[in-house]
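In listed order, ligands and their atoms are each counted from 1.
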Amino acid sequence: MAPDGQTIAPPAAPNVHDAESIPDAARAEIDRLLTSGDLFRYTAPADAPVALLEAEFAALMGSRYALAVSSCSAALFLSLKALDLPRGAKVLIPAFTFAAVPSSVVHAGCVPVLVEVGDNYRVDMADFAAKLPGADAVMISHMRGHTSDMDAIMALCDAAGVPVIEDAAHSLGTVWGGRKIGTIGKVGCFSFQSYKLVNAGEGGILITDDPEVAARAIIMSGAYEENWKKHPGLGNSCAHWQNRLPLYNLRMQNLSAAVIRPQLPLVAERVVKGRANHDAVAAVLNASPWLAVPEALGPEDRAPDSIQFNLAGGWSDDEARAFQSAAKARGVSVQVFGLSQGNARAFWNWQFLGDPPDLPQTRAMLMRACDVRLPTRLSAAELDFIASAVVAAAVEVKG
Ligand SMILES: *Cc1c(COP(=O)(O)O)cnc(C)c1O
């Protein structure tokens, strides 16, 4: 009670559920599209919003070609199809990723091979090197933006002649040794789903410097008849592949591009803000003996919009569950990947693959790794609220 007898409301827990709001600049363009009805990317003779987005995204990333599609999952699927892998080809993926990744491999008629991930959320290079012989492709998922050792991965894959696809769904803005994530492998795939750095509800894009991969992906995305002529610089390759490849119709529509384009100039500041937010919360959590935010590998500069940390110093499953409840009671939603029922990021829930493989390292990590969203819009006070609630919840359980 305050001295005047009124109840002081406790500070409200910040809303971390909502996505980024859409810049006002999108409104005029959306109005124009609604009035003209010009929603299909291939109706306008030139300069459709989707085509402009592709040009702008390729320029932003410094890559030769970009193809906007309906989701990052669609981009991952098309990348595998564009590599022309034989049916049943083995594709290495990290065992810590989102279910959409093994799903895209299955969708492309390939077989995912799961690679162990350490308690720093990065691919275990010994297991990777052991499983690479016999693999036809590698799909590296930079889960939550955490970057595995891309130097070691590229050296092994280049020596073996195995193409690398980067699942950079959640890594827009992350840099590895001065190179933009998504430009290191043969193809990079990004998501514009609402919980990523650029919010279009749904959407994805793939980038590549390889004209054959780009042409094949363009045709299969649904550039039927001579619509591929609206993709610059690929005339000969696209003419060759027209009618020789199936059409999967995974195109992006103009309304999505209108929502995405005004957000691209905001990416750089969202990256800076996200990194500062993450590091502020990480410093508070790392001061607790019960919580540990793993160090990034040296060459990584990440663009986080969430934080992951491990329950450290010996926790039982029941204590970890009690910690989740104690944080929730303080208004902060903490997800322990392996403890939340049916979590799509826990490999043993991917029942469509059959019996789960034996991956003790990844399993142990998932049972103690925690996930908290930190949208870049949060204020210092809100970040403080979240960090204090998480630490207090750990203290409540572990004393
Ligand atoms: C979100 C996400 C995906 C899937 O992206 P969609 O655009 O929803 O298909 C794939 N991989 C990772 C690592 C993701 O975070």
Counting heavy atoms under 4.0 Å, the part of Lys196 that contacts ligand 1 is side chain
Heavy-atom distances under 4.0 Å are what count here, so tell me which part of Ser73 touches ligand 1: side chain, backbone, both or neither.
both
Among Asp119, Asn310, Asp317, find the one that has a side chain to side chain donor-acceptor pair (under 3.5 Å) with Arg368.
Asp317
Using a strict threshold of under 4.0 Å (side-chain N to carboxylate O), is an ion pair present between Asp371 and Arg144?
yes
Matching residue for Phe96 among Trp348, Phe347, Phe337 - test: ring pair (Phe, Tyr, Trp, His ring centres under 6.0 Å):
Phe337
Considering only NZ, NE, NH1 and NH2 on the basic side and carboxylate oxygens on the acidic side, decide whether Arg41 and Glu54 come within less than 4.0 Å.
yes
Note the single closest protein heavy atom to atom 5 (O) of ligand 1, along with its residue, its atom name and the distance in Å.
Cys72 CB, 3.3 Å
From Leu60 CG over to Leu53 CG, what is the distance, rounded to the nearest 0.5 angstrom?
10.0 Å
List every atom of ligand 1 that sits less than 4.0 Å from any heavy atom of Ser141, numbering the atoms from 1 in the order shown and giving each element.
13 (C)
Short list, please: which atoms of ligand 1 are under 4.0 Å from a heavy atom of His170?
15 (O)
With heavy atoms of Gly203 as the reference, note each atom of ligand 1 found under 4.0 Å away.
7 (O)
Whether Lys131 and Asp127 form a salt bridge (side-chain N of Lys/Arg under 4.0 Å from carboxylate O of Asp/Glu) is what I want to check.
yes
Any idea which atoms of ligand 1 are less than 4.0 Å away from a heavy-atom of Ser71?
7 (O), 9 (O)
Can you figure out which of Ser194, Ala75, Cys189, Ser191 has its heavy atom closest to atom 7 (O) of ligand 1?
Ser191
Does the pair Lys186/Asp210 count as a salt bridge with the N-to-O cut at 4.0 Å?
yes
Counting each atom of ligand 1 from 1 as listed, which ones have a heavy atom of Val101 under 4.0 Å away?
11 (N)
Specify the protein heavy atom at minimum distance from atom 13 (C) of ligand 1: its residue, its atom name, and the distance to 0.1 Å.
Asp167 OD2, 3.3 Å
Are Tyr42 and His231 close enough that their ring centres sit under 6.0 Å apart?
yes
Between Ala169 and ligand 1, find which residue part has any heavy-atom pair under 4.0 Å and reply side chain, backbone, both or neither.
side chain
Should Gly204 be listed as contacting ligand 1, given a heavy-atom distance under 4.0 Å as the test?
no
